[in-house]
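As structure tokens, the structure follows; a few thoughts come after it.
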Amino acid sequence: MFWPLKPTFIDRCKELNGYDCEKLWGAFEQAYVGRDPRKVPTAAYTPFTDAVNFNAEPNKLMFWSRTKDVVHAFTEKKKDCFLTVEDTALGYMLDGLTWCGKEGSTKTFRKIGCPGWEENNAVGSFWKRVSAAFADAACGDVTVMLNGDIDTPFNPTSVFASIEMKGFDSSRVKSLTVVLVTRKSAVTTCTNASLKDLQRELKPGITYNCKDVTEAKLQECSSNPGCGACW
Ligand code: DVN
């Protein structure tokens, strides 16, 4: 099935209010249209991130790695307290979608003919660029939801480790809290070796916290009123 990308982008953009959606579409599309879909550098999306001009509300930013479903189920109920990049204008319009361009064409293609998750593909470069913009805007206390059901919840090649954490400005980010979520059997706790790596890589001046949280507890927290730390 083929759905053009633009109507979805524009509809989602209108839901957010306050954006010139045609202008955002133009800034987005110029990154990949007419290009080899394997040669889209992250910088090609800078006109888009500049046009979104995202200003983070302090203490609300929620990062994640290998917890996509569980984190979004949580922020869906807690939008006043926590925002992932997909809950903001940086990520909302493109969440869950695939696209690319083609040399010599002015069209946007969907899935068929688009490369997979390889270096400099149109979709991957977009998420790397918007993740960098999201992390750059972070201030105050930030949170990351990591996966306690795997051996290495902090993976150095993940977008969170390789782009977002490196992008925190230590003069603005006060603390990072790891919420280590366990769905089934807890393979990992806050004593995990990869979390020691995380602490070593955290910029000096940013305070580290870690909480082991079951998914059941997280569900309870998402139903609690207020933004206080429930875990
Ligand atoms: O903090 C978040 C958020 O801000 C986001 O922009 O980046 C952070 C999450 O990225 P991450 O740390 O690399 O976490 P993941 O879980 O390893 O990867 C996140 C997503 O990237 C995956 O869910 C994949 O998206 P999809 O296919 O479910 O829509 C995608 N992804 C990552 N590596 C991939 C891949 N898709 C296919 N193949 C891969 N090797």
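Nothing here was measured: the structure is a model prediction, and the numbers come from that model. In each ligand, atom 1 is the first atom listed, and ligand 1 is the first ligand listed.
Side chains of Met145 and Phe63 form no contact here, defined as non-hydrogen atoms less than 4.5 Å apart. By the 4.5 Å heavy-atom criterion applied to side chains, Arg129 and Thr46 are counted as neighbours. Considering only heavy atoms from C-beta on, Leu24 comes within 4.5 Å of Val52 through its side chain. Counting only heavy atoms from C-beta outward, the side chains of Pro37 and Cys114 never approach each other to under 4.5 Å. Taking the side chain as every heavy atom from C-beta outward, Tyr32 and Phe126 never approach each other to under 4.5 Å.
In the displayed structure, Lys107 atom NZ is contacted under 6.0 Å by at most 12 heavy atoms of other residues, nucleotides or ligands.
When only non-hydrogen protein atoms are considered, atom 9 (C) of ligand 1 lies nearest to Trp64 O, 3.0 Å. Among all protein heavy atoms, the one lying closest to atom 40 (N) of ligand 1 is Trp117 CD1, 3.6 Å. Nearest to atom 14 (O) of ligand 1 among the protein's heavy atoms is Ser65 OG, 3.3 Å. Ranking protein heavy atoms by distance to atom 25 (O) of ligand 1, first place goes to Lys68 NZ, 4.2 Å. Looking only at heavy atoms of the protein, atom 6 (O) of ligand 1 is closest to Ser131 OG, 2.5 Å.
The aromatic rings of Phe82 and Trp231 lie tilted to each other, with the angle between the two planes from 30° to 60°.
Looking at Glu118, Met145, Glu164, Met165 and measuring to atom 1 (O) of ligand 1, the nearest heavy atom belongs to Glu164.
For Arg66, heavy-atom contacts with ligand 1 shorter than 4.0 Å involve the backbone as well as the side chain. Contact annotation for Val159 and ligand 1: heavy atoms of both the backbone and the side chain come within less than 4.0 Å of the ligand.
Note that atom 29 (O) of ligand 1 has protein non-hydrogen atoms nearby, at separations under 4.0 angstrom.
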